[in-house]
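Structure first, then comments.
Below, chain A is the first sequence line, B the second, and so on; all start at residue 1. Nothing here was measured: the structure is a model prediction, and the numbers come from that model.
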Amino acid sequence: MAEQEKKYEPNKIEPKWQKYWEKEGLNRAKDFDKNPAQSATHNEAGRPKFYCLDMFPYPSGAGLHVGHPKGYTATDIISRYKRMNGFNVFHPIGWDAFGLPAENYAIKTKVHPNESTHKNIAHFKEQIKSLGFSYDWEREIDTSSPEYYKWTQWFFLFLYKNGWAYKAKAAVNWCDSCQTVLANEQAQDGKCERCSSNVLQKDLEQWFFKITDFSEELLAGLDKIDWPEPIKIMQKNWIGKSEGYEIDFNIKNSVTKLADRHSLLQIRVFTTRIDTIFGCTYLVIAPEHEIAKNQELGIKNYEEVKDYVETAKKKSERDRQADVKDKTGVKLEGVTAINPANGKEIPIFVADYVLSSYGTGAIMAVPAQDERDFEFAKKFNLPIVEVPNSMEMAEKGIAKKKINYRLRDWLVSRQRYWGAPIPIVYCEKCGEQAVPEKDLPVLLPTDVDFMPTGESPLVKSKEFHKVKCPKCGGPARRESDTMDTFVCSSWYFFRYLDHKNKNEFADKKLIDYWLPVDLYVGGAEHAVLHLLYARFFAKALKRISLIGFDEPFLKLRNVGLILAEGGVKMSKSKGNVINPDDIVKEYGADTLRIYEMFMGPFDQAIAWDTKGVGGARRFLDRIYKLKERVSAKSSNLELEKAVNKIIKKVGEDIEQMKFNTAISSLMILLNEMEGEEEISGDIFERFLLLLAPFAPHIAEELYEGFKIQDSRFKNGSIFEQEWPKYDTALLKEEKVNIVVQISGKARGVVEVETGASEQEVLDIVKADSKINKWIEGQNIKKVIFIQNKLINLVL
RNA sequence: GCCGAAGUGGUGAAAUUGGCAAACACGCAAGAUUUAGGAUCUUGUGCCUCACGGUUUGUGGGUUCGAGUCCCACCUUCGGCACCA
């Protein structure tokens, strides 16, 4: 036994082993692992790769939340387990470092976001390191560094050159009091997150990514990835595919007014229910529809219609949604359409319950079939006609098949400072020009004022706009908006592979070797944001054949929230935030890890319970104490069987991310070992190996204590050892307990030889005095026998 | 409103997938030890009953020898979407 403390003191042993692992490079991933290592599990082709990824954190000023280590512990357990099973594991970490909080902080305190962000990163890094996660720190990335965002800009240009990035006018969230545009996340419930004033809609020129060009692939790809079903369903709904028909309604007499067009003026509608067209008694167009603005059409109440359109435009998206029940609209007087199914003349309305951004911005209203149309028809006293189902229009080819998606293009412009500048310049002569790749990165200027004025802070930087047109060399001006931070995080898992590469975002060979990601763990809140965007990026790269796969994350698992005691969200204002540093200081990192994994099912939201932390610590204390009883004696059969069973169980549970039950089996094994005066080194060694992924520091410490004098404990780190194997023969019991039911009611248990026959069991049951009293003097009508499990006597 | 997930002791939960419900842990109670303890150890602990025994997985029904698990209806809680024609 090496010289070791009698008492378990995690604060002494944890930093020691963290330094050791880093010094020995045990957490390093090996690119192209072709050299067979010493171990028999490593074959000629090298170890199989395993890319284990966490959603990288935003380094907020608040520091690490106890929720972070929950996900990180899970991936760490799996990474360590996979390494012990002969895998070449890639387990990186980095910083999603651009974003609004740093900028808001700068507005308040004048501290430059670069400064505060790097301070936060240093703090996060220290906190994360104190928990003993086996990250390959050599691969660390920071999305706010020019070396990184150079390639974020490269991706912008890549999309631009392929026609997947374009500029267009769009309505955005606008806060009048802060004089700034807000992201959707900042405009929740229609209120500004900072000043609580109402958010308005404003039309601005914005950059978009054409994610809609990939709608069908984004939908179809979901079928081939191992993701939680609810997340898949959310993405499916978000993409919102619907198959229907488009059909044109002629506007009556419009031909005379617009004779030069050689045709009738028409309104095209989209419907998923072409069969109900006979019940269509009016048309409705969105306020933005061009027909509503057509002055030559002879709309008699043109002023009234114009008023309605103006009012609708001023309403925020939220206000429009608030009026779901009370539908408004105006009839276009003097203008009617012809229902092509029955030739009937029907009125046309403009109403804001029809969206301009979906379908054709016009609908055929079938009040007998559609609830919304029904409400509108009731309010405006329109005829409600029962529907004779008919596919006539479709069959005749008058209605054309059409697929629509709810997915919209991704608005990526942000009028903010702390983000990656959009690499575009505007020339007076040549117009919009892409910054040549060789001129990347477009650096964020430092001479800016963060006070919000309604324009991007970059507008006023003098340095930033000293630029010439890349085409004609004439005077030009840079785009002053930055990119949504979700652009940075859509490709970061590529950059880990090759974060120092100056010529490419990542080397193709490295991409081919490591990607796609084998396991991705993070919160469900990114269901339709980051996870959809990252899939889009991969699909765009694949379509241009830059990579060989189109689904970046093969397996996704969600980490459940950790709530405050009492089940509410942790928040500064409520003063119920648990700081992981305090837990590490008081109980140790291993305790925090064990506790968070033992709390309950991994993907479930569970409230913090400080008493439970004490229980996790007691578990480790007892293990530490047990080392005194480890002896040279050979193992006893009962314990040997128990160890075999638990090796199987822990391995299976880790694979299925059932960490809570894995730990509970380790506790059961500990309880059994504690029942022995002496514990064989054979048993204890394997127990430590099983414990190691969960509580790496204490496992390494105890392993070290034995390996010096007990040959069963091999040299080197515990993490260089192989995961223990179990003996199938030992899993079988010679005797089993059989449940005895009388008429379906459990009345007792008998012990029989494994594999005993029905007759044998029946004889034993009849001889059992306790059970026999239930059968005495009665007829057994039927016997149900399940070998090694149960016998049911039906009387 | 629509979509999704979940309802099991005082608490977090477990249940080999249809076979002794409540493993493991927290809490609680009693005891041991200690000058003392919120440290440690032992025992007990779903509910009713002195007991024999009865009874229990949101509610009501069903299938089955047997249901926490399968089927039908309903209730509640949480998450997402929200006029997408």
Side chains of residues 729-740 of chain A: which donor-acceptor pairs under 3.5 Å do they make with residues two or more places apart or in other chains?
| from | atom 1 | to | atom 2 | distance (Å) |
| --- | --- | --- | --- | --- |
| A:E734 | OE2 | A:K641 | NZ | 3.3 |

In whole Å, I'd like the distance from the CG atom of A:L532 to the P atom of B:G80. 17 Å
Assign A:I668 to base, sugar-phosphate, or nothing according to its heavy-atom contacts below 4.0 angstrom with the strands shown. sugar-phosphate
Of the nucleotides B:G19, B:A85, B:C20, which one has an atom closest to the side chain of A:A746? B:C20
For the base of B:G19, is there a side-chain donor-acceptor partner from A:Q741 under 3.5 Å away? yes
Closer than 4.0 Å, any side-chain N/O of A:K658 to the OP1 or OP2 of B:A15? yes
Just checking A:K649: base, sugar-phosphate only, or nothing, at a heavy-atom cut-off of under 4.0 Å? nothing
N/O (side chain, A:N660) to phosphate O (OP1/OP2, B:A14) under 4.0 Å: yes
Which nucleotide in the set B:C3, B:A5, B:C20 lies at the smallest distance from any side-chain heavy atom of A:V739? B:C20
What does B:U35 pair with, Watson-Crick or G-U, if both distances are under 3.5 Å? none
Any idea if B:G44 is syn or anti, going by the 90°-from-0 cut? anti
NA contact type, A:L790, heavy-atom cut-off 4.0 Å: base, sugar-phosphate, or nothing? base
Of the listed nucleotides (B:A85, B:A14, B:A13), which one gets closest to any side-chain atom of A:T661? B:A14
Here the distance between atom P of B:C24 and atom CD1 of A:I594, to the nearest Å, is 17 Å
When the C1' atoms of B:U77 and B:U8 are compared, how many Å lie between them, rounded to an integer? 15 Å
Which part of the nucleic acid, if any, lies within reach of A:G359 when heavy atoms closer than 4.0 Å are counted: base, sugar-phosphate only, or nothing? nothing
Side chain of A:D609, heavy atoms from C-beta onward: which of B:C83, B:C26, B:C65 has the nearest atom to it? B:C26
Mark yes or no: A:K327 above the aromatic ring of A:F376, with NZ or CZ under 6.0 Å from the six-membered ring centre and no more than 45 degrees from the axis. no
P atom, B:C70 versus B:G18: distance in rounded Å? 8 Å
For a quick check of understanding: with a heavy-atom distance under 4.0 Å over all strands, which category does A:R622 fall into, base, sugar-phosphate or nothing? sugar-phosphate
Could you check whether atom CG of A:D223 has more than 12 heavy atoms from other residues, nucleotides or ligands sitting under 6.0 Å from it? yes
Give a yes or no on whether a salt bridge exists between A:E674 and A:R622, defined as a side-chain N under 4.0 angstrom from a carboxylate O. yes
On a whole-Å scale, what distance lies between the C1' atoms belonging to B:C74 and B:A82? 25 Å
Identify whether the glycosidic angle of B:U17 places it syn (within 90° of 0) or anti. syn
Upstream residue (5' side of RNA chain B) when A:W238 and A:R618 are each assigned their closest nucleotide: A:R618
Gap in Å between the two P atoms, one belonging to B:A6 and one to B:U69, rounded: 14 Å
Base paired to B:A67 (Watson-Crick or G-U; both N/O distances under 3.5 angstrom): none
Is the shortest side-chain N to carboxylate O distance from A:E375 to A:K379 below 4.0 Å? no
Please determine if a side-chain N or O atom of A:K789 lies less than 4.0 Å away from the OP1 or OP2 oxygen of B:G19. no
A:P601 has a side chain; which of B:A14, B:C65, B:A25 sits nearest to it? B:A14
If we take the C1' atom in both B:A29 and B:G54, what is their distance in whole Å? 25 Å
Tell me which nucleotide, if any, is Watson-Crick or G-U wobble paired with B:G7 when both distances must be under 3.5 Å. B:C75
Please work out if A:I784 contacts a base, only the sugar-phosphate, or nothing of the nucleic acid, heavy-atom cut-off 4.0 Å. base
Could you tell me whether A:D621 and A:R617 have a side-chain N and a carboxylate O separated by less than 4.0 Å? yes
Before accepting this row, confirm whether a basic side-chain N of the pair A:R268/A:D248 lies closer than 4.0 Å to the acidic partner's carboxylate O. yes
May I ask you to evaluate whether A:R747 reaches the phosphate of B:G54, defined as a side-chain N or O under 4.0 Å from OP1 or OP2? yes
Using a cut-off of 4.0 Å on non-hydrogen atoms, how would the nucleic acid contact of A:S242 be classed: base, sugar-phosphate, or nothing? sugar-phosphate
RNA chain B nearest-nucleotide lookup for A:G600 and A:N404: closer to the 5′ end is A:G600
Could you verify whether a donor N or O on one side chain and an acceptor N or O on the other, from A:D653 and A:T661, lie under 3.5 Å apart? yes
Using atom NZ of A:K745 as one end and atom P of B:U55 as the other, report the distance to the nearest whole Å. 5 Å
Please state the P separation for the pair B:A67 and B:G79 - nearest whole angstrom. 35 Å
Hey, does the side-chain of A:K781 have a donor or acceptor N/O within less than 3.5 Å of a partner on the base of B:C65? no
At under 4.0 Å between heavy atoms, what does A:D370 touch on the DNA or RNA strands: base, sugar-phosphate, or nothing? nothing
Pairing partner of B:G27, by Watson-Crick or G-U wobble and under 3.5 Å for both distances, is B:U45
What's the gap between B:C41 and B:A25 when it is taken at their P atoms, as a whole Å value? 11 Å
Please measure how far the C1' atom in B:A22 lies from the corresponding atom in B:G12, and state the result in whole Å. 13 Å
Would you say B:A25 has OP1 or OP2 under 4.0 Å from some side-chain N or O of A:N671? yes
